[in-house]
2 protein chains.
Amino acid sequence: MTTTREFELLDSAWAEVSPPAARRMLIAAAAAFAGKGYHATTTRDIAALAGMSPAAVYIHYRTKEDLLFQISRIGHTTSLAVLTGVPDADPVTRLATAVAAFARWHAEHHTTARVVQYELAALTGPHLEQVRVLRRRIEGVLRRMVLDGVRAGVFEAPDVPGATLAVLSLCIDVARWYQPGGRRTPEDIGALYADLVLRMLHAETPQAR
Amino acid sequence: MTTTREFELLDSAWAEVSPPAARRMLIAAAAAFAGKGYHATTTRDIAALAGMSPAAVYIHYRTKEDLLFQISRIGHTTSLAVLTGVPDADPVTRLATAVAAFARWHAEHHTTARVVQYELAALTGPHLEQVRVLRRRIEGVLRRMVLDGVRAGVFEAPDVPGATLAVLSLCIDVARWYQPGGRRTPEDIGALYADLVLRMLHAETPQAR
DNA sequence: CTCCATACTAAGCGGTTGCTTAGAACTAAG
DNA sequence: CTTAGTTCTAAGCAACCGCTTAGTATGGAG
């Protein structure tokens, strides 16, 4: 129960989910899906983690897949907000800040991020389509940032879509390898990746971090 | 059946598996695991894909997890061989060739690579430990290449383990996003990534390549 | 031919799965 | 107090899971 409460306090993104029992169920499902994978998780696992009976899942969610979809939808929306919420600045600072925040999010919320990035195949047709729209928007935002820098002459990238792909891929993969007890904090990872990405684009690192 | 035969011809790494029926079973399992995930794949799926009865699985493999382990073991060994098989050269050329080959392998063999990279959690204790040894070796080989360049003064990396992590992560994640029908061929991806990695390490791109 | 090992299938067993049903406990309005 | 609506549980159903068992077909050795 302590774990669940910590989750709620840390993760303001779940605040919109109500009633509280439905939120607890979502958080339990996200933890279970992230730890064992969607298909290896049973509805009984989720209910037990949420401290309720197996049937309670179906009061708030139509199916197990609906639970996955809500996690995926909220997760994608939140990570998109992290990218777009970066303050306006020159292209170099802007991309550096965005990469740092995006990579950091994938570490800090690696539980949600793992579901977001690695359980897409378990979504049903219409739900998958809805999530794909969000994913295209995320890539679009990042590509625009790279393109702005290239146009301003501060980035050097012979292949803009390719560079965007690499940057996105780098950040996403944090969710796979990150471990909470590890050597690097989410902040460290954000700083490291911002630096590496600027080097990748042959940009001068600004003295303002 | 045509698909299975194509697989066999393309993938020489499976050659060591015998008898042929056991090889067909492994290839069918790899395809199924990559497509739907280990837990979503039933032993009946695998048998059907291999064109045999469900019970035939257990003639050649003790459990479903043993099938996964064999795929993972061979996959890890092969990808390690791809890295170590790079011809000796100056540090810049050597790392560039290795990254190109490693990234390319993850695209070309994205079916196997997906099982290798994303189904580790489904391995049982001793099998997981065995695979972890191979994974540490892969990271070690790559780190050594980065370190050699830093020591020779041709790479600039304030954080060698961090840079190694990023390079490895970049290549591994190819298995997640690569699609056979896509715009980029495995060769394209290898070339793109070799270039991006050299930039990341502030190295001058050699004219060869 | 017999003998025997290998490779396979048909059938099915015990256990687990996602999900449903029937009803209990609680809350709040009239 | 009654009533209605909501949230939960106990019990269980049909389908499906990994895996086993019993038996058949094949082919090589003697």
Side-chain angles (χ1 to χ4, degrees), chain A residues 1 4 8 14 16-33 35-72 115 119 121-128, chain B residues 1 4 8 14 16-33 35-72 115 119 121-128:
Chain A
M1 303 305 153
T4 305
E8 287 184 51
W14 305 117
E16 60 168 279
V17 180
S18 102
R23 179 165 53 236
R24 270 196 301 148
M25 202 73 86
L26 247 202
I27 292 165
F33 292 164
K36 310 200 296 175
Y38 174 78
H39 288 290
T41 302
T42 69
T43 55
R44 286 164 179 82
D45 290 338
I46 298 166
L49 243 169
M52 301 172 96
S53 81
V57 171
Y58 296 90
I59 310 279
H60 304 288
Y61 300 93
R62 284 178 45 257
T63 62
K64 178 186 162 188
E65 189 270 345
D66 188 34
L67 218 27
L68 173 67
F69 172 60
Q70 296 305 329
I71 296 165
S72 194
V115 181
E119 300 294 353
L123 290 169
T124 56
H127 287 166
L128 180 60
Chain B
M1 304 306 151
T4 305
E8 288 183 53
W14 306 117
E16 59 168 278
V17 181
S18 103
R23 180 165 53 237
R24 270 196 300 148
M25 203 72 85
L26 248 202
I27 291 165
F33 292 164
K36 308 201 296 177
Y38 173 77
H39 288 289
T41 302
T42 70
T43 55
R44 286 163 177 86
D45 289 338
I46 298 166
L49 243 167
M52 301 173 97
S53 80
V57 171
Y58 296 90
I59 310 278
H60 304 289
Y61 301 93
R62 286 176 45 257
T63 61
K64 178 185 162 189
E65 189 271 344
D66 188 35
L67 217 27
L68 173 66
F69 172 61
Q70 296 305 329
I71 295 165
S72 195
V115 181
E119 301 292 353
L123 290 169
T124 57
H127 287 165
L128 180 58

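Bear in mind that the values here come from a model prediction, so they are computed numbers and not experimental data. Letters A, B, ... are given to chains in the order of the sequence lines, protein chains preceding strands, and every chain is numbered from 1.
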Nearest-0.5 Å distance that lies between atom NZ in A/K64 and atom OG1 in A/T41
6.5 Å
Measure NE2/B/H39 against C1'/D/dG18 and give the value in whole Å, please.
13 Å
Can you check whether B/H60 has a side-chain N or O nearer than 4.0 Å to OP1 or OP2 of C/dC8?
yes
Whole-Å distance, B/K64 NZ to D/dG18 C1', equals 8 Å
Give the nucleotide from the list C/dA11, D/dG18, D/dT9 with an atom nearest to the side chain of B/R44.
D/dG18
Separation of D/dA22 atom P from B/Y58 atom OH, nearest Å, is 18 Å
The side chain of A/A56 lies closest to which of these nucleotides: D/dT9, D/dG18, C/dC8?
D/dT9
Given C/dA7, C/dC19, D/dA11, the nucleotide with the shortest approach to the side chain of B/I59
C/dA7
Rounded at 0.5 Å granularity, tell me how far OG1 in A/T43 sits from OH in A/Y58.
4.0 Å
Starting at CD of B/E65 and ending at C1' of D/dC19, how long is that distance when rounded to a whole Å?
15 Å
Could you give me the CA-CA distance, side-chain angles and deciding distance for A/H127 and A/D66, then say whether side-chain contact (heavy atoms from CB on, under 4.5 Å) is met?
CA-CA 9 Å; A/H127 287 166; A/D66 188 34; 4.3 Å; yes
Between D/dC19 (P) and B/L67 (CG): distance, integer Å:
10 Å
Atom CZ of B/R23 to atom P of C/dA7: distance rounded to whole Å?
14 Å
Counting side-chain heavy atoms from C-beta on, which of C/dA7, C/dG18, D/dC19 comes nearest to B/P19?
C/dA7
When rounded to whole Å, the CG to C1' distance for the pair A/D45 and C/dG18 reads 12 Å
So does A/T43 get a side-chain nitrogen or oxygen closer than 4.0 Å to the phosphate oxygens (OP1/OP2) of C/dC19?
no
Options C/dT9, C/dG18, D/dG18, nucleotide nearest the side-chain atoms of B/S53:
C/dT9
Rounded to whole Å, the CD1-C1' distance (A/I46 to C/dG18) equals 10 Å
Given C/dC19, D/dT20, C/dT21, the nucleotide with the shortest approach to the side chain of A/A55:
C/dT21
Does A/H39 form a side-chain contact (heavy atoms from CB on, under 4.5 Å) with B/Y38? I'd like the steps, not just the answer.
CA-CA 9 Å; A/H39 288 290; B/Y38 173 77; over 6 Å; no
Of the options C/dG18, D/dC19, C/dT9, whose atoms approach the side-chain atoms of B/M52 most closely?
C/dT9
Checking side-chain polar atoms at under 3.5 Å, does A/T42 have a donor or acceptor matched by the opposite partner on A/D45?
yes
